[in-house]
Asks: 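Just dropping this structure here.
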Amino acid sequence: MNAQELIAQGKGSVVDVRSHLEFSGGHVAGSLNIPLDQINSKLDELRALEAPLILVCASGNRSGMAESFLRGNGIDCLNGGSWLNVNYFMSLREA
């Protein structure tokens, strides 16, 4: 499944891997902010979330790096790309 399908079905958890400053400027409602440079130290917290994790950032680059790392550590996740796109998918679900 892709991010849009998961969100439409209310499945998974959105994790924003941008910096705290970027996140504070706007984010997907209900998303969790774990910056990319902190992912390694938050594996237990990430494993406790409803899978699959839908990873977002500004463009899809950092979320792609997070996806590779997390998959390598056995965490079910996918690169959701830009948080703006995922935010749009959420608005469709709520409409």
Side-chain angles (χ1 to χ4, degrees):
M1 267 193 231
N2 63 36
Q4 185 174 4
E5 293 167 336
L6 290 169
I7 291 166
Q9 295 178 16
K11 295 182 179 178
S13 302
V14 178
V15 178
D16 193 318
V17 299
R18 296 177 298 148
S19 71
H20 294 301
L21 183 62
E22 289 173 290
F23 186 80
S24 68
H27 57 271
V28 176
S31 63
L32 177 65
N33 180 219
I34 301 179
L36 181 62
D37 63 354
Q38 296 176 19
I39 292 283
N40 187 42
S41 65
K42 304 281 186 170
L43 289 175
D44 289 337
E45 184 177 344
L46 290 162
R47 283 189 178 100
L49 297 172
E50 180 186 343
L53 305 183
I54 302 166
L55 306 166
V56 299
C57 64
S59 67
N61 186 38
R62 286 175 282 181
S63 51
M65 289 188 278
E67 177 188 27
S68 294
F69 176 77
L70 293 173
R71 282 189 181 276
N73 282 277
I75 296 176
D76 183 16
C77 61
L78 63 99
N79 182 356
S82 168
W83 76 272
L84 292 168
N85 291 339
V86 170
N87 200 46
Y88 174 71
F89 300 149
M90 289 287 235
S91 71
L92 293 176
R93 185 183 81 181
E94 295 166 3

Asks: Donor-acceptor pair, distance only, cut-off 3.5 Å: does the side chain of D16 make one with the backbone of R18?
Replies: yes
Asks: Would you say the side-chain atoms of Q38 pair up with the backbone N or O of P35, donor to acceptor, closer than 3.5 Å?
Replies: no
Asks: Should M65 and L43 be regarded as members of a common hydrophobic cluster, given that ILVMFWY residues are connected when their side-chain heavy atoms come within less than 4.5 Å of each other, either directly or indirectly?
Replies: yes
Asks: Measuring from atom CD1 of I7 to atom CD of Q9, what distance do you get when rounded to the nearest 0.5 angstrom?
Replies: 11.0 Å
Asks: For a side-chain contact (heavy atoms from CB on, under 4.5 Å) check, start with the C-alpha distance between I34 and I39, then their side-chain angles and the critical distance, and finish with the verdict.
Replies: CA-CA 6 Å; I34 301 179; I39 292 283; 3.9 Å; yes
Asks: For a quick test of reading the model, state the closest non-hydrogen atom pair linking R62 to C57 and the distance between them.
Replies: N-SG, 3.6 Å
Asks: Identify the two heavy atoms, one from K11 and one from E50, that lie closest to each other, and give their separation to 0.1 Å.
Replies: CA-OE2, 3.7 Å
Asks: Is there a chain of hydrophobic side chains (I, L, V, M, F, W, Y, each step under 4.5 Å between heavy atoms) that links L32 to M90?
Replies: no
Asks: Would you compute the distance between atom CZ of F69 and atom CG of L46 and round it to the nearest 0.5 angstrom?
Replies: 9.5 Å
Asks: Considering residues at least two apart in sequence or located in another chain, which fulfil the side-chain hydrogen bond (donor to acceptor under 3.5 Å, both in side chains) criterion with E67?
Replies: R71
Asks: Show, in sequence, the C-alpha distance, side-chain angles and deciding distance for N73 and R47, and conclude whether the side-chain contact (heavy atoms from CB on, under 4.5 Å) test is met.
Replies: CA-CA 10 Å; N73 282 277; R47 283 189 178 100; 3.9 Å; yes
Asks: Please say yes or no: joined through hydrophobic side-chain contacts below 4.5 Å, possibly via intermediate residues, are F23 and V15 part of one cluster?
Replies: no
Asks: Quick check: closest heavy atoms across A66 and V17, and the distance to 0.1 Å?
Replies: CB-CG1, 4.0 Å
Asks: Does the S63 side chain pair with the main chain of N79, one donor and one acceptor, at a distance under 3.5 Å?
Replies: no
Asks: Taking the side chain as every heavy atom from C-beta outward, state whether E45 and L49 have any atom pair closer than 4.5 Å.
Replies: no
Asks: For the atom pair OG (S31) and CG (L53), what is the distance rounded to the nearest 0.5 Å?
Replies: 12.5 Å
Asks: Before giving the answer on side-chain contact (heavy atoms from CB on, under 4.5 Å), spell out for V28 and I54 the whole-Å C-alpha distance, their side-chain angles and the decisive distance to 0.1 Å.
Replies: CA-CA 11 Å; V28 176; I54 302 166; over 6 Å; no
Asks: What residue among L92, V86, N85 forms side-chain contact (heavy atoms from CB on, under 4.5 Å) with Y88?
Replies: L92
Asks: Okay, side chain of S82, backbone of A58: is any donor-acceptor separation there less than 3.5 Å?
Replies: yes
Asks: Report the distance from atom CG of L70 to atom CG of L78, rounding to the nearest 0.5 Å.
Replies: 11.0 Å
Asks: Roughly how far, to the nearest 0.5 Å, is the NE2 atom of H27 from the CD atom of E22?
Replies: 13.0 Å
Asks: Please determine whether residues L6 and L84 belong to a single hydrophobic cluster, defined as Ile, Leu, Val, Met, Phe, Trp and Tyr linked transitively by side-chain heavy-atom distances below 4.5 Å.
Replies: yes
